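We use all heavy atoms of the structure for the numbers below, so side chains are in, but hydrogens, waters and symmetry mates are not. A quick note: this is a predicted structure, and the numbers were derived from the prediction, not measured.
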Amino acid sequence: MTGPLRWRVARLRERRVETPTAHTLVLEVPGWPGHLPGQHVDVRLTAPDGYQAARSYSLAAPTDADRIVLTVQRVPDGEVSPYLIDVYGEGDPVEVRGPVGGWFVWRPEETAPVLLVAGGSGVVPLMAMLRARRAAGSRVPFRLLYSVRTPADVFYADELRRRGRDDLGLDVTYVYTREAPQGWRGEPHRIGPADVESHGWPPEVEPQCYVCGPTGFVETVADLLVRQGHQSRRVRTERFGPTG
């Protein structure tokens, strides 16, 4: 997974609907060099008149024989995401470049407990880590704290339900900010100190923490973790803006 990055032609092989505004795309990329969970790719579209638009998307799953998995959320008035969700068809080409990033990654040989904190679509690279953990047969304890607006906004809802039940050493907790499901304890709220303290790891076990989501969310959660005693070097962050 070294050497200069170059654009490769990728073709859509499978599509899955995650939420009303987000789809998972399985792309075939001949010659794909492989990637680590937490990395991302650039996706480029070229119009008939030569105009190009590119956006970055996190990889949602471990490497799988010249295929990559992306989960794309439609951004209103975006240039790339509406095409990928509403127009892009099976067999159609796009260009991809990557993998990109080496800091916000988890390697299956690591042994420290892991805390994953996701805001909305920030769950995508964290899901790649959960899937890599399962694929490697790792028993490293993982905790996922996932903040979403409503139950309908949960990415990978069925898979997370199954993994929370079947994957030994994995705990999955949700925080709802606008509307909670029936029977959920408490009122809708944003992630706060009590959530991180109750559903994260105590600082003394020295977990590796990964926080991904909108900029404000990431900054708030990272500050909470540091204030609770986690070493800043063990809090890795990935943030995204509204471009689409």
Side-chain angles (χ1 to χ4, degrees), residues 18-19 21-25 35-43 55-62 68-75 78 81 98-108 110 112-134 140-149 153-157 159-160 163-164 170-177 190-192 195-196 199-201 207-226 228 230-244:
E18 298 294 347
T19 74
T21 61
H23 290 189
T24 287
L25 310 176
H35 59 271
L36 295 170
Q39 290 187 303
H40 61 276
V41 296
D42 298 324
V43 177
R55 296 291 184 269
S56 293
Y57 293 102
S58 294
L59 293 150
I68 62 174
V69 181
L70 312 177
T71 300
V72 177
Q73 185 165 37
R74 183 191 293 109
V75 175
S81 61
V100 181
W103 168 248
F104 194 80
V105 299
W106 179 77
R107 294 172 172 81
E110 296 179 16
V114 173
L115 172 63
L116 309 174
V117 188
S121 60
V123 76
V124 176
L126 309 184
M127 193 66 184
M129 298 177 191
L130 292 181
R131 289 167 167 165
R133 174 185 183 271
R134 176 62 181 263
V140 169
F142 265 56
R143 292 181 179 177
L144 169 64
L145 182 57
Y146 186 7
S147 174
V148 290
R149 293 178 178 178
D153 295 308
V154 176
F155 287 20
Y156 321 117
E159 183 177 354
L160 282 174
R163 290 190 182 280
L170 169 63
D171 293 317
V172 179
T173 302
Y174 297 94
V175 171
Y176 301 94
T177 62
R190 297 184 182 277
I191 283 182
D195 300 298
V196 176
H199 304 294
W201 295 102
Q208 188 65 58
C209 305
Y210 298 87
V211 186
C212 186
T215 296
F217 172 88
V218 170
E219 291 176 350
T220 295
V221 173
D223 287 345
L224 283 175
L225 289 168
V226 173
Q228 290 183 355
H230 294 273
Q231 300 174 42
S232 58
R233 64 181 178 83
R234 301 188 72 86
V235 179
R236 301 187 180 186
T237 60
E238 184 82 10
R239 61 201 73 197
F240 54 80
T243 58

Practice problem: Can you measure from CZ (Arg236) to CG (Leu116) and round to the nearest 0.5 angstrom? | Solution: 12.5 Å

Exercise. Could you tell me the separation between the CG atom of Leu144 and the CZ atom of Arg163, rounded to the nearest 0.5 Å?
Key: 11.5 Å

Quiz item: Measuring from Thr215:OG1 to Glu238:CD, what's the distance to the nearest 0.5 Å?
Solution: 10.0 Å

Practice problem: Indicate the ring-plane relationship of Trp106 and Phe142, choosing parallel, tilted or perpendicular according to the 30° and 60° boundaries. | Solution: perpendicular

Quiz item: How long is the gap from CG on Asp153 to CD on Gln73, to the nearest 0.5 Å?
Solution: 7.5 Å

Quiz prompt | Spacing of Thr220 atom OG1 and Arg190 atom CZ [to the nearest 0.5 Å] | solution = 8.5 Å

Quiz item: What pairs with Asp171 under salt bridge (Lys or Arg N to Asp or Glu O under 4.0 Å), at least two apart in sequence or on another chain?
Solution: Arg143

Quiz item: Looking at Gln228 and Val196, what are the two nearest heavy atoms and their distance?
Solution: OE1-CG1, 3.4 Å

Quiz item: Below 4.5 Å, heavy atoms only, C-beta onward: do Leu160 and Leu130 meet side chain to side chain?
Solution: yes

Self-check item: From Leu224, Val175, Thr173, Val117, residue fulfilling side-chain contact (heavy atoms from CB on, under 4.5 Å) relative to Asp195
Solution: Val175

Exercise. Under the ring-ring contact (aromatic ring centres under 6.0 Å, His included) rule, collect the residues that match up with Tyr210, sequence neighbours excluded.
Key: Phe104

Quiz prompt | Within residues 112-131 or reaching into it, pairs that qualify as salt bridge (Lys or Arg N to Asp or Glu O under 4.0 Å) - sequence neighbours excluded | solution = Arg131-Glu159

Exercise. Identify the two heavy atoms, one from Val124 and one from Ser58, that lie closest to each other, and give their separation to 0.1 Å.
Key: CG1-O, 3.7 Å

Quiz item: Of all residues at least two apart in sequence or in a different chain, which pass the side chain to side chain donor-acceptor pair (under 3.5 Å) check with Ser147?
Solution: none

Quiz item: Partners of Glu18 by side chain to side chain donor-acceptor pair (under 3.5 Å), sequence neighbours excluded?
Solution: Thr24

Practice problem: Kindly compute the distance separating CZ (Phe217) from OG1 (Thr177), expressed to the nearest 0.5 Å. | Solution: 10.0 Å

Self-check item: Listed partners of Ser56 passing side chain to side chain donor-acceptor pair (under 3.5 Å), at least two apart
Solution: Asp42

